[in-house]
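Below you'll find the structure, written out as structure tokens, and then a few comments.
What's counted below: heavy atoms across the whole structure, side chains too, no hydrogens, waters or symmetry copies.
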2 protein chains.
Amino acid sequence: MKHAPLIAKNHMRCGDCPIRHKAVCAYCEPPELAKLDAIKSYRTFQAGETIVWAGEEVDVLGSVVSGVATLSRTLPDGRRQMVGLLLPSDFVGRPGRRTAPYDVVAANEVMICQFTKPQFEKLVSSTPALERRLLDMTLDELDAAREWMLLLGRKTAREKIASLLVIIARRDAALNSTTVGNGLRFALPLTREAMSDYLGLTIETVSRQISALKKSGIIVLEDARHVRVPDYVALLDEAGDDSDGGFIS
Amino acid sequence: MKHAPLIAKNHMRCGDCPIRHKAVCAYCEPPELAKLDAIKSYRTFQAGETIVWAGEEVDVLGSVVSGVATLSRTLPDGRRQMVGLLLPSDFVGRPGRRTAPYDVVAANEVMICQFTKPQFEKLVSSTPALERRLLDMTLDELDAAREWMLLLGRKTAREKIASLLVIIARRDAALNSTTVGNGLRFALPLTREAMSDYLGLTIETVSRQISALKKSGIIVLEDARHVRVPDYVALLDEAGDDSDGGFIS
DNA sequence: GCGTTTGATTGATCTCGATCAAGGTAAGAA
DNA sequence: TTCTTACCTTGATCGAGATCAATCAAACGC
């Protein structure tokens, strides 16, 4: 069985940003980088802070520099389902839309490299490559959402947990490249509750399945928030499919 | 509780097409309609025929004129999850992508108004309004996918069925406007099996929940494929949330 | 120190939807 | 007509994950 490469393609750095903005990648002309550089500023959100309320004006537009943010929808009776996960280099904001139908919440301390909205939109209009890049990113998000639907609709609790670990491992490796021998080590940027919202499970089931993967030797729990994976391929096999494991590119 | 309007916004007709293409809507300049008109042709697929195989070259690009097509992903062991539903006026094809990670299958006889790929892509490059429209449509699909994730992750079987009926009712009403008093009547364009793939359930559960909704008086089954809804708001309430019910606009 | 809070784990039990199985119904072929 | 096939329905039982509940551990304020 062939597996997708662990490390994602790189994106060009925007000026002195501590991350690689996906919105300005190799497809864009270098001059655009300087233009983006001129209209950006940084903004920080605390863990638990809501960055965007569902239905209200979206006043953030930029890239996640550090930390993790979640997109989630809530039913009137309180049931919650996470519908998106924003990790460093992911884009925040909806080009051409005033509002979003979901909450954006900081899972831990989040720094965002923010562009001023009117200036960014002016830049987009005058830069076809940038607009095409936004379409490309949105298609990637759509693919990720559809992979996620397969997970929610048809995978077992154990497969769901393994799939989530694969996604986090890939994203972590793409940013930090902390391989240990032929294994991996990474931090879980989400609480058990956030994981349960992601996977359509309860906290208890998440906890039990993580314990089960530990007992099977697939993962080693250093503490509740740090995981070692001795054999990455074994974890991939637990995830139940041979695709890229729902990598949100 | 306020509910979204039943009928979707209209889209401008492209020449003599029997449907309203979403790709060429009121946002686009009228001259573009004529240009699209010049590069189109019609193509028909039989029920059950695969229009696009997962991973293979996508050689279709256009709009669904009639019939219903489904997008679905399959796990190696055969478990299947539908990840998209294409009804008349929906766009088929992925701008700027060679392949798709899912199968596109005709649920019944499907007619597609197809554009020649290189010419359509040339038109898109030279028409910023069209490119922006494609981005807008992709964002709509993303919103629909996320609504669907909420359904798959957190709704009960009964709520799932009611939500699907709402989606079909809305789409049907937008196209045919067949209201009956303050109720509705429409055909189910999907088999029970396709519904179960859509909702992450088994055929048996779909059948049982439809029977249950019938017994509750929420719906009337004229036969296995035709439904009457005496009270649309009652059905909406069964769907479990006050949103637009996952309307794929 | 101690009490409180927040997040994680584990156990006991229940329930919704899956699974296994048997029939029913309508359309089409021989 | 009867046989076949595809699709749908209903019943009986099972089991994965939810729910209810207790315990534990680390962090924090007083």
So, [X] side chain and [Y] main chain: donor-acceptor pair closer than 3.5 Å or not?
X	Y	answer
A/D231	A/V233	yes
A/D103	A/A54	yes
B/S196	B/E193	yes

TODO: Give, for atom CE of A/M111 and atom SG of A/C113, the distance between the pair rounded to the nearest 0.5 Å.
DONE: 8.5 Å
TODO: Hey, could you give me the CG/CD distance between B/L213 and B/E238, rounded to the nearest 0.5 Å?
DONE: 6.0 Å
Using a strict cut-off of less than 4.0 Å between a Lys/Arg side-chain nitrogen and an Asp/Glu carboxylate oxygen, indicate whether [X] and [Y] qualify as a salt bridge.
X	Y	answer
A/R185	A/E222	yes
A/E141	B/R146	yes
B/R94	A/D143	yes
A/D90	A/R171	yes

Protein-nucleotide distance ([X], atom [atom1]; [N], atom [atom2]), rounded to Å:
X	N	atom1	atom2	answer
A/I161	C/dA8	CD1	C1'	13 Å
A/R192	C/dT10	CZ	C1'	13 Å
A/L188	C/dG7	CG	C1'	13 Å
B/R79	C/dG17	CZ	C1'	16 Å

Open item on the list: Distance under 4.0 Å to a non-hydrogen atom of chain B counts as contact; along DNA chain D, which nucleotides mark the start and end?
Closed with: D/dC8 to D/dA12
TODO: Determine, step by step, whether B/R154 and A/D197 satisfy the salt bridge (charged side-chain N to carboxylate O under 4.0 Å, His left out) criterion, reporting the C-alpha distance in whole Å, the side-chain angles of both residues, the deciding distance to 0.1 Å, and the verdict.
DONE: CA-CA 9 Å; B/R154 295 300 186 196; A/D197 284 344; 3.5 Å; yes
Open item on the list: Using the rule given for salt bridge (charged side-chain N to carboxylate O under 4.0 Å, His left out), can you reason through B/D140 versus A/R97, listing the C-alpha separation, both sets of side-chain angles and the distance that settles it, and then say yes or no?
Closed with: CA-CA 10 Å; B/D140 280 342; A/R97 300 285 170 104; 3.0 Å; yes
Under 4.0 Å between any heavy atoms, over every strand shown, what does [X] touch: base, sugar-phosphate, or nothing? Just pick one.
X	value
A/L221	sugar-phosphate
A/G48	nothing
B/R225	sugar-phosphate

Distances under 3.5 Å only, N/O to N/O: pair up the protein atoms with those of nucleotides 24-26 of chain C.
none

Open item on the list: Under 4.0 Å, heavy atom to any atom of DNA chain D: which of residues 201-216 of chain A qualify?
Closed with: A/L201, A/T202, A/E204, A/T205, A/R208
